Amino acid sequence: MARTVAVSGSASGIGASLAGLLRDQGDRVVGVDLKDAEVCADLGTPPGRAQAVTEVLALSGGTLDAVVACAGVSDFTDLTVKVNFFGATALLDGLRPALSRAGRPRAAAVGSISGTHPVDGAVVRACLDGDEPAALEAAARAVAAGAGHTLYPSSKSALAQWLRRSCVTPGWAGAGIPLNAIAPGVVRTPMSAPLFEDERMLKAMNDAVPMPLNGHAGALVIAEALRWLISPANSHMTGQIIYMDGGAEPTLRGPETF
Ligand code: NAI
């Protein structure tokens, strides 16, 4: 049966790939992105997030079968915190009531292997406290100290922790909504394209994210996994951060962490 699915970041990369897969199988996709989407909204700002939720609810008639928070940015600024953490969690939380009205609702986010890299503890704590001004202040301190590179890992670590904390609560598990994430390694998309144009950056990336199994992935590989996570078949997996990273996570964290 055709389902209605909200996908953020639907205009590019992994989100576009997922939207294509879902449309091909007959689902209705309500894409959310800065442009070229059913809902054009900026998930980096509180008003943009509220607009996204309102417009998705209006277009879906108030009931959603699945939500995928895929939109993200990767740079050394506080934009990563705004979009990757507060944008993703606001969308998932804001659309949760619409999910709870569906028969077999599902939700997913896109994390990153970077969430296992060193983070800025103050940024992560403020994110988990839901305190965006404090998170942005901490992010500004990190940038001023030359540690802007910790902000993307911080945003993805906070997202993973928020997800694991939320998934078992009455609002999610209690409402029958599995909530999981795919955490990719390096995926060839417009986001990662600049890294492939600079040999020094590529080497640094390959050192930080070693992928012994089949190397860098295509967007479709991640989209296929997201499709399964939000399918009716996934009735019992929740709170899982699934590393789809060519073996980077076991390489970096070793066999004792699982
Ligand atoms: P992409 O750049 O191709 O697509 C990201 C999409 O998010 C774009 O369409 C962009 O317009 C949208 N977006 C960005 N800021 C937004 C905002 N403020 N409001 C609304 N939409 C916004 O990137 P890609 O690679 O498809 O990334 C998708 C997700 O995968 C992101 O969360 C990213 O962090 C994650 N990821 C990507 C990896 C990679 O190597 N490409 C590796 C690990 C995770």
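These figures come from a predicted structure and were not determined experimentally. Both ligands and their constituent atoms are indexed starting at 1 by order of listing. We use all heavy atoms of the structure for the numbers below, so side chains are in, but hydrogens, waters and symmetry mates are not.
What sits closest to atom 9 (O) of ligand 1 on the protein, heavy atoms only, is D33 OD2, 2.6 Å. Protein heavy atom nearest atom 26 (O) of ligand 1, with residue, atom name and distance: I14 N, 2.8 Å. Protein heavy atom closest to atom 20 (C) of ligand 1, with residue, atom name and distance, is A41 O, 3.4 Å. Among all protein heavy atoms, the one lying closest to atom 3 (O) of ligand 1 is S12 OG, 2.6 Å. Nearest protein heavy-atom neighbour of atom 35 (C) of ligand 1: V110 CG1, 3.6 Å. Nearest protein heavy-atom neighbour of atom 19 (N) of ligand 1: L43 N, 2.9 Å. From the protein, the heavy atom lying nearest to atom 27 (O) of ligand 1 is M191 CE, 3.7 Å. Among all protein heavy atoms, the one lying closest to atom 42 (C) of ligand 1 is G185 O, 2.9 Å.
Under a 4.0 Å criterion applied to the non-hydrogen atoms of G44, ligand 1 contributes the atoms 18 (N). Of all the atoms in ligand 1, the ones that sit under 4.0 Å from a non-hydrogen atom of V186 are 40 (O). Near Y152, meaning under 4.0 Å from any of its heavy atoms, are these atoms of ligand 1: 33 (C), 34 (O), 35 (C), 36 (N), 43 (C), 44 (C). Interface atoms of ligand 1 facing G72, defined by a heavy-atom separation under 4.0 Å, are 5 (C), 7 (O), 14 (C), 31 (C), 32 (O). For ligand 1, the atoms lying closer than 4.0 Å to a non-hydrogen atom of K156 are 31 (C), 32 (O), 33 (C), 34 (O). Listed by number with element, the atoms of ligand 1 under 4.0 Å from a non-hydrogen atom of G13 are 3 (O), 26 (O).
Contacts between L34 and ligand 1, counted as non-hydrogen atom pairs separated by less than 4.0 Å, involve both the backbone and the side chain. When heavy-atom distances to ligand 1 are checked against a 4.0 Å cut-off, V73 comes that close only through its side chain, counted from C-beta outward. Under 4.0 angstrom from ligand 1, there are no non-hydrogen atoms of K82. Both the backbone and the side chain of C70 come within 4.0 Å of ligand 1, judged by heavy-atom distances. Residue contacts with ligand 1, taken as heavy atom pairs separated by less than 4.0 Å, involve D42 via backbone and side-chain atoms alike.
With T45, L159, T189 as candidates, the residue nearest to atom 25 (O) of ligand 1 on a non-hydrogen basis is T189.
Annotation: the span from C127 atom SG to W162 atom CH2 amounts to 12.0 Å, rounded to 0.5 Å. A distance of 11.0 Å separates OG of S166 from CD of Q161, quoted to the nearest 0.5 Å. Taking CG of L195 as the reference point, atom CE of M205 lies at 4.5 Å (rounded to 0.5 Å). Between atom CD of residue E224 and atom OG of residue S17 there is a gap of 8.0 Å, rounded to the nearest 0.5 Å.
The side-chain heavy atoms of H117 and S112, taken from C-beta on, include no pair separated by under 4.5 Å. L21 is not listed as a side-chain neighbour of D27, based on a closest heavy-atom distance of 4.5 Å or more. Side-chain contact check for D93 versus W172: some heavy-atom pair is nearer than 4.5 Å. Side-chain contact between E38 and S60: absent, with no pair of heavy atoms (C-beta onward) separated by less than 4.5 Å.
The closest donor-acceptor contact from the side chain of K35 to the backbone of A41 lies at 3.5 Å or more, if one exists at all.
When each of V123, T150, L151 is checked for a side-chain contact (heavy atoms from CB on, under 4.5 Å) with T80, only L151 meets the rule.
Ligand 1 lies within reach of P190, whose nearest heavy atom is under 4.0 Å from it. Ligand 1 is approached by G111 to a heavy-atom distance shorter than 4.0 Å. Using a non-hydrogen distance threshold of 4.0 Å, R188 does not register as a contact of ligand 1.
Remark: ligand 1 and P184 share no N or O pair separated by less than 3.5 Å (distance only, no angle test). Remark: ligand 1 and V187 share an N or O pair separated by less than 3.5 Å (distance only, no angle test).
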Can you give the donor-acceptor pairs under 3.5 Å from side chains of residues 49-56 to other protein atoms, not counting sequence neighbours?
unit_1	atom_1	unit_2	atom_2	d
R49	NE	L43	O	2.8
R49	NH1	E132	OE1	2.8
R49	NH2	G44	O	3.1
R49	NH2	K82	O	3.1
R49	NH2	E132	OE2	2.9
Q51	NE2	C40	O	2.9
Q51	NE2	E55	OE2	3.1
T54	OG1	A50	O	2.9

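Residues I230 and V221 fall within the same hydrophobic cluster, defined by Ile, Leu, Val, Met, Phe, Trp and Tyr side chains chained together at heavy-atom separations under 4.5 Å. V110 and V124 fall into different hydrophobic clusters, where Ile, Leu, Val, Met, Phe, Trp and Tyr side chains are chained together by heavy-atom contacts under 4.5 Å.
Around atom CD of E199, no more than 12 heavy atoms belonging to other residues, nucleotides or ligands sit under 6.0 Å away.
Pairs engaging residues 234-249 under the salt bridge (Lys or Arg N to Asp or Glu O under 4.0 Å) rule: E249-R253 [sequence neighbours left out].
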